Amino acid sequence: MADATLEHAAVQHDASGAYEAPLFGAYSKKVGMWLFLASDSLTFGALLFAFSYNRIYTVPWPTPFHAESIGNATIMTACLLSSSLTMVLGVFAAQRGDRAWTRNWLLATMAFGTAFIVLHAMEWSKLIAQGLTLPGFPQPASAATGELADISKNVPQFPQAFFGLTAMHMLHVTIGVIYLGVVALRKWFLPILGAIWIAGYFLIPADNVFHYGIHALLLGLIVASVILFLKPKDYDSHDVEVSGLYWHFVDLVWMFIFPLVYLMSTKVI
């Protein structure tokens with residue numbers, strides 16, 4: 001009887017993703033992701049606090065965003081909200097064992113995330129070209145004068161807080177897209193990521209700040225390659241669910257950034 005009980009326990013322990021942590025009532029990968037997100041929320045909390053502090057104690061606080069920027073940020077928000085929906089559908093498909101639709105929904109989520117990154121990069125490039133820069137950024141000759149150039153000179157807290165907060169979020173979205181690509185396509189995603197990095201390096205102008213930022217994809221390629229080759233596996237519904245937790249967290253953070261950074265810094269005409 002005792003042998004049978006031990007054998008049953010061993011089978012349960014070896015089942016993929018079936019281990020239940022006694023304290024939390026959840027399998028270890030989900031607990032690990034929740035702990036990571038709890039620590040990461042402290043990072044974004046500090047950045048949001050810093051932005052809010054500067055906004056309250058800097059008088060007058062700049063309001064550089066016009067209808068075009070708000071419209072672009074609204075489309076970015078719609079992309080992330082849509083990506084949350086497709087992520088949920090992907091988790092449901094994984095739970096019912098539909099591998100094809102799991103992959104399709106994950107790819108749709110990646111497409112929305114990529115659209116968000118591209119739109120955000122375009123927004124950054126436009127603001128930098130108009131003069132909203134930091135000391136380490138390229139300094140376009142056309143940005144020597146103008147409203148945003150005056151803000152960078154007279155209220156340096158604004159570009160520091162703006163670029164610091166939005167850059168950290170953009171990095172997290174990029175990591176999320178790579179994460180989902182690994183789960184959805186496994187080793188097939190590596191050449192795709194490599195091709196995007198090479199294309200970005202040669203196509204993005206050298207005087208654009210993203211010419212250097214594109215190397216984040218190279219770092220992601222190296223990390224993904226190490227993971228996929230050292231521990232290859234077929235990702236199951238638990239892995240899809242855990243990746244969904246990360247993605248929803250990134251989307252949730254933007255729901256704080258959009259009103260605080262954009263809507264509350266809009267010029268009222």
Side-chain angles (χ1 to χ4, degrees), residues 36-81 83-84 113 115-140 142-176 208-210 212-213 216 246-269:
F36 168 76
L37 295 180
S39 65
D40 207 25
S41 65
L42 298 178
T43 301
F44 279 108
L47 291 172
L48 289 167
F49 175 82
F51 190 95
S52 302
Y53 181 88
N54 280 288
R55 176 181 175 81
I56 293 172
Y57 289 99
T58 302
V59 180
W61 182 250
T63 55
F65 298 122
H66 303 274
E68 182 181 355
S69 292
I70 298 303
N72 187 68
T74 301
I75 297 174
M76 290 158 55
T77 304
C79 288
L80 285 189
L81 290 175
S83 73
S84 281
F116 174 89
I117 295 169
V118 171
L119 289 171
H120 214 333
M122 292 171 59
E123 176 74 6
W124 264 40
S125 299
K126 185 196 73 173
L127 294 175
I128 292 171
Q130 293 176 354
L132 192 68
T133 61
L134 292 173
F137 281 17
Q139 303 292 327
S142 60
T145 59
E147 178 187 10
L148 295 181
D150 292 340
I151 290 173
S152 298
K153 180 180 179 180
N154 301 323
V155 193
Q157 301 95 320
F158 182 85
Q160 291 170 7
F162 171 77
F163 286 119
L165 180 55
T166 56
M168 179 61 72
H169 183 262
M170 200 188 313
L171 175 62
H172 277 68
V173 176
T174 303
I175 293 172
N208 189 298
V209 67
F210 290 100
Y212 305 100
Y246 177 86
W247 191 260
H248 292 313
F249 171 79
V250 172
D251 290 358
L252 178 62
V253 170
W254 179 255
M255 295 305 112
F256 290 92
I257 295 176
F258 177 51
L260 177 64
V261 175
Y262 282 92
L263 297 182
M264 295 179 68
S265 298
T266 305
K267 183 178 294 295
V268 179
I269 300 176

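Side chains are part of it too, since the values below use all heavy atoms of this structure and drop only hydrogens, waters and symmetry mates. For this chain, numbers begin at 1 and follow the sequence in order. None of these values were measured; they are calculated from a predicted model.
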Donor-acceptor contact present, side-chain H169 to main-chain L165, <3.5 Å: no
Assess whether side-chain contact (heavy atoms from CB on, under 4.5 Å) is satisfied between Y57 and Q157, documenting all intermediate values. CA-CA 11 Å; Y57 289 99; Q157 301 95 320; over 6 Å; no
Scanning both residues in full, the closest heavy-atom pair of C79 with A115 reads SG-CB, 4.0 Å
Which is it for W247 and V173 under the side-chain contact (heavy atoms from CB on, under 4.5 Å) test, yes or no, and what are the steps along the way? CA-CA 8 Å; W247 191 260; V173 176; 4.1 Å; yes
Around atom CE of M255, are there more than 12 heavy atoms of other residues, nucleotides or ligands at under 6.0 Å? yes
Any heavy-atom pair between the side chains of F116 and S83 that's under 4.5 Å? no
From I117 CD1 over to T174 OG1, what is the distance, rounded to the nearest 0.5 angstrom? 3.5 Å
If you apply the rule side-chain contact (heavy atoms from CB on, under 4.5 Å), what do you find for M122 with K126, and how did you get there? CA-CA 6 Å; M122 292 171 59; K126 185 196 73 173; over 6 Å; no
I want to check something: taking the side chain as every heavy atom from C-beta on, are Y246 and I175 in contact at a cut-off of under 4.5 Å? yes
Between D40 (side chain) and F36 (backbone), is there a donor-acceptor pair under 3.5 Å? no
Give a yes or no on whether the ring-centroid distance for F162 and F65 is below 6.0 angstrom. yes
Test item: P62 and E147 side chains (from C-beta on) under 4.5 Å apart, heavy atoms: no
Please report whether the ring centroid of F210 lies less than 6.0 Å from that of H120. no
For T133 versus S152, what's the shortest heavy-atom pair and its separation? N-OG, 3.0 Å
d(L132 CG, D150 CG) to nearest 0.5 Å is 11.5 Å
Could you list the donor-acceptor pairs under 3.5 angstrom formed by side chains in residues 46-53, with sequence neighbours left out?
residue : atom : partner : partner atom : Å
S52     : OG   : L48     : O            : 2.9

Does the plane of the ring in Y262 sit parallel, tilted or perpendicular to the ring in W254? Use 30° and 60° as the thresholds. tilted
Is the backbone N or O of M264 less than 3.5 Å from a side-chain atom of R55, with the two atoms forming a donor-acceptor pair by type? yes
Heavy atoms of L80 and D251 approach each other most closely as O-OD2, 3.0 Å
Distance, nearest 0.5 Å, that separates CD of E68 from CG of N72: 7.5 Å
If you round to the nearest 0.5 Å, how far is CG of L252 from CG of L37? 10.0 Å
Side-chain touch T74/F258, heavy atoms, less than 4.5 angstrom: yes
